[in-house]
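Only heavy atoms go into these numbers, but all of them, side chains included; no hydrogens, no water, no symmetry mates. Fair warning: this is a prediction, and the values are worked out from it, not measured in the lab.
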Amino acid sequence: MFTLWSLVEASLLFLNAVCVLSEERFLAKYGWGMAQQVQGFGEPTSTKSQLLLLVRSIRTVAKIPLILLNVVAIVFKLLLG
């Protein structure tokens with residue numbers, strides 16, 4: 001059954017996966033590393049570079065809140081099953 005909790009849990013798992021991705025070991029293999037994203041002044045940003053910026057900003061901003069949300073989700077799962 002699809003509930004609001006399953007949607008919250010899926011988004012939490014997705015954010016965890018984004019934060020765990022290693023840019024040097026995983027993303028650089030496929031050309032998604034920071035070294036490949038050289039951009040000049042005034043050039044429009046590509047979708048690829050915007051996605052990399054999104055991943056980097058999620059990793060920077062969401063570390064501490066994700067730890068707290070993971071603890072809440074674990075306690076919720078332990079108490080209510």
Side-chain angles (χ1 to χ4, degrees):
M1 178 185 282
F2 188 74
T3 62
L4 182 62
W5 173 250
S6 62
L7 183 65
V8 169
E9 195 173 15
S11 61
L12 183 65
L13 288 171
F14 177 75
L15 285 174
N16 282 326
V18 168
C19 284
V20 169
L21 274 178
S22 174
E23 195 170 316
E24 295 84 24
R25 290 182 6 194
F26 180 74
L27 295 176
K29 282 184 190 178
Y30 302 104
W32 283 68
M34 187 58 184
Q36 288 86 9
Q37 300 302 316
V38 178
Q39 180 181 346
F41 181 74
E43 292 181 11
T45 57
S46 66
T47 305
K48 184 176 176 181
S49 64
Q50 287 179 348
L51 281 174
L52 276 174
L53 259 163
L54 179 66
V55 167
R56 209 169 287 120
S57 62
I58 288 173
R59 196 179 307 143
T60 301
V61 172
K63 272 186 185 175
I64 303 300
L66 262 178
I67 292 170
L68 297 174
L69 286 174
N70 282 319
V71 169
V72 167
I74 290 169
V75 168
F76 187 76
K77 279 290 211 182
L78 284 174
L79 292 178
L80 300 177

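- For the side chain to side chain contact (heavy atoms under 4.5 Å, CB included) test with Ile58, the passing option among Val55, Val61, Leu54, Thr60 is Leu54; the others fail.
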CA sep, side-chain torsions, deciding dist, call: Thr3, Val8, side-chain contact (heavy atoms from CB on, under 4.5 Å): CA-CA 9 Å; Thr3 62; Val8 169; over 6 Å; no
query: Given Lys77 and Trp5, is the side-chain contact (heavy atoms from CB on, under 4.5 Å) satisfied, shown in steps?
result: CA-CA 10 Å; Lys77 279 290 211 182; Trp5 173 250; 3.9 Å; yes
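- Here the closest non-hydrogen pair linking Leu66 and Leu15 is CD1-O, 3.7 Å.
- In terms of modelled atom types and a separation under 3.5 Å, the side chain of Ser6 and the main chain of Phe2 share no donor-acceptor contact.
- Here the CZ atom belonging to Phe14 is positioned 15.5 Å from the CD atom belonging to Glu9, to the nearest 0.5 angstrom.
- In the hydrophobic clustering of this structure, Leu69 does not group with Ile67; members are Ile, Leu, Val, Met, Phe, Trp, Tyr whose side-chain heavy atoms approach within less than 4.5 Å, directly or through other members.
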